[in-house]
Protein chains: 2
Amino acid sequence: MAREDEAGLLVQVGGKRCAQCPLVPYERLSQPSPELRRWIAAFRQGEMRYDRGEVVFTQGSRPRQLYTVLSGILMRSRLLEDGRRQIINFMFPGDFIGLQSAVDSEMSHEVEAVTSATLCVFARERFFELVASQPQLSFDLTWLAAHEESALEEHIVSLGQRNARERLAALAVFLVQRAIDTRLAPDGVLAITITQGQIADMLGLSLVHTNRTLQALRRLQLVDWTLTSIGIPDMAAARQFAGIDGVASARPRPYI
Amino acid sequence: MAREDEAGLLVQVGGKRCAQCPLVPYERLSQPSPELRRWIAAFRQGEMRYDRGEVVFTQGSRPRQLYTVLSGILMRSRLLEDGRRQIINFMFPGDFIGLQSAVDSEMSHEVEAVTSATLCVFARERFFELVASQPQLSFDLTWLAAHEESALEEHIVSLGQRNARERLAALAVFLVQRAIDTRLAPDGVLAITITQGQIADMLGLSLVHTNRTLQALRRLQLVDWTLTSIGIPDMAAARQFAGIDGVASARPRPYI
DNA sequence: CGTCTTTTTGAACGTTCTCAAGGGATGTGG
DNA sequence: CCACATCCCTTGAGAACGTTCAAAAAGACG
């Protein structure tokens, strides 16, 4: 069921053209210049499609591709030798995948699709060329890296300082907010299939305790989280409960 | 006692010349080309020196400078409204400070000196210019961002999956290893003053439990951690105990 | 309809937290 | 040089939070 890690096999060159890139209509993304779009079109290898559960690349591998999420949601997680796993973060449309492989080191994590997803594929070898010729692109890459770092910080704060209820609420807020920002939840409800086992692996809790905590939050009417969707009846109340400062990024996400 | 956040006040332009940059002799850093060094010399504003406990910039600020660590160790931490704080990571010579301010957003954390430290100061406004003219530099920046991300991942794994003893051991290994890599602990002992309260804030543990866990590790002869230094009698045993896979980065750290 | 996955519940146990107090080291001013 | 303040470390004890083991119920899927 797992897809090949190696290049080429599933690349569908000449799928949708860049002219119909699904990211461009996102008004919250900064629009690339026509010239930048020509460059990107020339560099991209094609698109790949993954179904829920399929692995994009494994921990320890050195993929020859870099990816941008065109649609869908993915997650990256780190596996321990004894079988435990820690989910690091989720990835949404516009996110860049493979920062580490861009600089030629082993991936410290694996990436797998959470919903069906399409990725835009670039050749790793041409990364330097791309960055050298398009300084706007390296600036955007820095932007994405800085914001990813900020997201990981927030996760660290959750794991280090928040109790189980606060962690659950913070995760729900984070996911729904990102979904709203990327137009995946126009009505404030995110359709995504996440098992309680996955939540537990994200938040560093046991499955049993995750279940009980989730029930408690449901009883408090703070989150409406089922196997297939996440809803937050009162976003302000949920943020307050989780202890999240209302910091929204002013600048629109860049387009890569 | 806290230093001004504003530009200029404490900048010592014309301190040590770049020709004597303390980072260059590190054989584990990739050496910059003569041309790159000329560029860097032209862009840098000067050096700043901080003593233990002094704050480089605060959470929520928008510093007009970017920094590279020339010597010393710093930490960045995120403060919650109720006074709790979570230490995110430590920074060592060669690290870049201010990725977020490079792309013009608010800093999500504060940075403070843990030992006395000197930083190399650059103007934020000229960041784009620098990246555009020196593609090698944006590549190096990407390298640093990717490795910082990896370090944060490891921290997330600690907080999510490891118990108190394992966390303590993992942190000791991480700090000593980074110190060895940056030549701050030639004999394998790192001279750094870290209180148990700071350890607790890094690992998401209470001060009391941190203290008891530290004693347990001392009894097990796994770490030799006092207020002013960290030693690891048997590195392999400590790594094993903490559950750290022995992954060393092949490529030398870049020089920025 | 049967199988597999996911959720739910109970109960005992263990880790970690909180509260409270004392002790040691260092520094400062009288 | 002593008295006092401050900062950090240490110890005890009860309570809270979260884990583990075990089993059953509820959904999802072919």
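Residue numbering restarts at 1 for every chain, and letters A, B, ... go by the order of the sequence lines.
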Please report, to 0.1 Å, the donor-acceptor pairs under 3.5 Å made by any side chain of residues 220-229 of chain B, with sequence neighbours excluded.
from     : atom 1 : to       : atom 2 : distance (Å)
B:Thr226 : OG1    : B:Thr228 : N      : 3.3
B:Thr226 : OG1    : B:Ser229 : N      : 3.2

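By the side chain to side chain contact (heavy atoms under 4.5 Å, CB included) test, A:Ser150 pairs with B:Arg78, B:Gln100, B:Ser108, sequence neighbours left out. Looking at residues two or more places apart in sequence or on another chain, you find a side chain to side chain contact (heavy atoms under 4.5 Å, CB included) between A:Arg218 and A:Gln196, A:Leu214, A:Gln215. A search for salt bridge (charged side-chain N to carboxylate O under 4.0 Å, His left out) contacts involving A:Arg85 returns A:Asp201, not counting sequence neighbours. Residues forming a side chain to side chain contact (heavy atoms under 4.5 Å, CB included) with A:Ala185 (at least two apart in sequence, or on another chain): A:Ala179, A:Ile180, A:Leu190. Considering only residues two or more places apart in sequence or on other chains, A:Ala170 meets the side chain to side chain contact (heavy atoms under 4.5 Å, CB included) condition with A:Ser158, A:Arg162, A:Ala242, A:Ile244. Listed by chain and residue number, nothing satisfies the side chain to side chain donor-acceptor pair (under 3.5 Å) test with B:Arg212 (two or more places apart in sequence, or in another chain).
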For nucleotides 24-30 of chain D, read 5' to 3', which letter fits each nucleotide if B means a protein heavy atom sits under 4.0 Å from the base, S means only the sugar-phosphate is that close, and - means neither? -------

Nucleotides 10-15 of chain D: protein proximity per nucleotide (B base, S sugar-phosphate only, - neither; heavy atom, under 4.0 Å): SBBB--

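If you check residues 162-172 of chain A against DNA chain D, the residues with a heavy atom closer than 4.0 Å are A:Asn163, A:Ala164, listed by number.
Axis angle, first five pairs versus last five pairs of the helix from C:dC1-D:dG30 to C:dG22-D:dC9: 50°, rounded to 10°.
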What's touching nucleotides 2-4 of chain C from the protein side, N or O pairs under 3.5 Å?
none

